[in-house]
Chemist: 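Below you'll find the structure I mean.
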Amino acid sequence: MSQNEYDVNLRYGVDTQMSLAGKVAVVTGGLGGIAMAANQMLLEKGARLVLLYPAFEQERVAAIKQQLGEEKVAYQVCDVADPQSVATAFSAAQQCWGRLDILVNCAGYVNLQPATEIAFSEWQQHLAVNLTGPFLCSQAFAQRLIVARHGGKIINIASQAASIAIDNHCAYTSAKAGLLGMTKVMAKEWAAHGITVNTLSPTVVLTPMGEKAWRGEKGEEMKKLIPLGRFAYTDEIAAAILFFASNGSDMITGADLMIDGGFTIW
């Protein structure tokens, strides 16, 4: 066979069971609605977890430990927008399980306001949590994987709002659109190290926060703009996270997967 020919009968070796045995996943915003659905799936597939959460959620940790246990889950306070806090958290995560393989950037912040009414402090908060946080965490994660000389997966939770204009989303959209661009550059720079970087862009997800924000007539009007006619559930986003964490997605990097019921195809 010449060097210009390929054996079309060869297979990469995709694991259709999506096993994550031996893998360690760090999940930021690890106590949130999407994160908790993802935590359950990652655990079911054999992964060990490090859940990063802000200090103001400390009172929830005891209940989460009862739900997920501590045998395969570690819990670590982290301000994702603070470089020192991130460095400390990722060093602790690596020390806890001896390696890192998967990063899910789930930490998020949203406060919807017309563009003319956004206070500078609100603008900064959106950028800090939704863009600076994923940057710092991805950087800390990748630095450690490059030293360890093994590949890994970074999964950033973006939003349909990153790709289409929605009223009152100016600060949120700006941060999430920046996340899409950041993801592409990281994907290109780190591909040589076997690190893939992708985003998921959900529509409204029925987390406790999402349900509260979109209940009633406002939500009914929003659903009319979604061809499938409904909002997303947390396990649907978790299933996409699981796919990007598994080896079946090894050829995908720098991509954005819309999970929006067709909202952005109009």
Side-chain angles (χ1 to χ4, degrees), residues 27-41 53-54 56-57 59-60 63-64 67 80 104-119 121-131 133-134 155-180 183 198-244 255-266:
V27 184
T28 76
L31 311 186
I34 292 174
M36 284 298 293
N39 295 340
Q40 294 281 8
M41 287 193 186
Y53 62 93
F56 64 79
E57 290 192 331
E59 64 183 26
R60 298 186 58 218
I64 300 297
Q67 184 176 348
V80 296
V104 186
N105 279 310
C106 262
Y109 174 80
V110 60
N111 184 12
L112 304 182
Q113 296 173 305
T116 54
E117 299 177 16
I118 300 170
S121 60
E122 277 294 328
W123 175 266
Q124 289 180 306
Q125 181 70 359
H126 279 85
L127 293 182
V129 178
N130 298 321
L131 184 56
I155 304 146
N156 294 321
I157 307 302
S159 169
Q160 64 183 13
S163 299
I164 192 168
I166 306 175
D167 288 344
N168 302 320
H169 281 64
C170 185
Y172 185 73
T173 286
S174 298
K176 293 295 189 179
L179 184 60
L180 296 189
T183 294
N198 294 289
T199 55
L200 304 178
S201 286
T203 185
V204 176
V205 182
L206 291 172
T207 62
M209 182 174 67
E211 188 280 330
K212 181 178 180 181
W214 292 95
R215 68 176 56 155
E217 186 59 31
K218 178 182 178 182
E220 293 306 309
E221 291 301 312
M222 181 65 168
K223 284 190 289 186
K224 291 177 183 178
L225 300 176
I226 301 173
L228 287 181
R230 66 175 177 86
F231 296 143
Y233 292 92
T234 56
D235 58 338
E236 294 179 295
I237 314 306
I241 291 172
L242 176 60
F243 168 66
F244 275 123
D256 178 45
L257 175 61
M258 287 286 182
I259 312 174
D260 65 351
F263 184 91
T264 58
I265 65 176
W266 290 104

Chemist: Locate the shortest heavy-atom distance separating P227 from F263; write the atom from each residue and the value.
Modeler: CD-N, 3.7 Å
Chemist: Pick one: which of T203, D260, T173 meets side chain to side chain donor-acceptor pair (under 3.5 Å) with Q160?
Modeler: T203
Chemist: Could you pull out the closest heavy-atom pair between H126 and V110, with the gap in Å?
Modeler: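 Looking at all heavy atoms of both residues, the shortest contact is NE2-CA, 3.6 Å.
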Chemist: Distance from M258 atom CE to T264 atom OG1, nearest 0.5 Å?
Modeler: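 Between atom CE of M258 and atom OG1 of T264 there are 4.0 Å.
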Chemist: I want to check something: taking the side chain as every heavy atom from C-beta on, are I241 and L200 in contact at a cut-off of under 4.5 Å?
Modeler: yes
Chemist: Considering non-hydrogen atoms only, spot the tightest contact between L131 and P134 and give its length.
Modeler: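 Closest approach of L131 to P134, heavy atoms only: O-CD, 3.3 Å.
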Chemist: Okay, side chain of T199, backbone of L180: is any donor-acceptor separation there less than 3.5 Å?
Modeler: no
Chemist: Quick one: OG on S159 to NE2 on H169, what's the gap to the nearest 0.5 Å?
Modeler: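 Reported value, rounded in 0.5 Å steps: 6.0 Å.
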Chemist: Determine the minimum heavy-atom distance between I157 and C106, stating which atoms define it.
Modeler: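 I157 and C106 have their closest heavy atoms at CG1-SG, 3.7 Å.
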Chemist: Taking everything shown except K218 itself, do over 12 heavy atoms lie less than 6.0 Å from its NZ?
Modeler: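 More than 12 heavy atoms, drawn from other residues, nucleotides or ligands, come within 6.0 Å of this atom.
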Chemist: If you round to the nearest 0.5 Å, how far is CG of L31 from CD of E57?
Modeler: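 If I round to the nearest 0.5 Å, the distance is 5.0 Å.
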Chemist: If you define the side chain from C-beta out and look only at heavy atoms, does anything of N168 sit under 4.5 Å from I166?
Modeler: no
Chemist: Check side chain to side chain donor-acceptor pair (under 3.5 Å) between E59 and all other residues, then give those that pass, not counting sequence neighbours.
Modeler: none
Chemist: Rounded to the nearest 0.5 Å, what separation is found between the CD1 atom of I118 and the CD atom of Q124?
Modeler: 12.5 Å
Chemist: Is L257 close to F243 at the side-chain level, that is, under 4.5 Å between some pair of heavy atoms?
Modeler: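 With C-beta onward as the side chain, the pair stays apart.
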Chemist: With rounding to the nearest 0.5 angstrom, report the CD to CZ distance, E236 to R230.
Modeler: 4.0 Å
Chemist: I want to check something: taking the side chain as every heavy atom from C-beta on, are K223 and V204 in contact at a cut-off of under 4.5 Å?
Modeler: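 No; the side chains remain at least 4.5 Å from each other.
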Chemist: Answer yes or no: is there a side-chain heavy-atom contact under 4.5 Å between I259 and V205?
Modeler: no
Chemist: So which atom in G33 and which in T207 form the shortest heavy-atom distance, rounded to 0.1 Å?
Modeler: CA-CG2, 4.0 Å
Chemist: Can you find a heavy atom in the side chain of F231 that is under 4.5 Å from one in the side chain of I226?
Modeler: yes
Chemist: Using atom types as modelled and distance alone, determine if a side-chain donor or acceptor of N130 lies under 3.5 Å from a backbone N or O of K176.
Modeler: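 Not at all, since once roles are kept as given, no pair shorter than 3.5 Å links the two residues.
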Chemist: Sequence neighbours left out, what pairs pass side chain to side chain donor-acceptor pair (under 3.5 Å) with at least one residue falling in residues 104-117?
Modeler: N105-S138, N105-N156, Y109-E122, N111-E122
Chemist: Counting heavy atoms not belonging to Y233, are there more than 12 under 6.0 Å from its OH?
Modeler: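 No, the 6.0 Å shell around OH holds no more than 12 heavy atoms from other groups.
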Chemist: Quick one: does T234's side chain have a donor or acceptor within less than 3.5 Å of a partner on I34's backbone?
Modeler: no
Chemist: Kindly give the heavy-atom pair with the smallest separation between G29 and A35, and that separation in Å.
Modeler: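 Heavy-atom minimum between the residues: O-CB, 3.2 Å.
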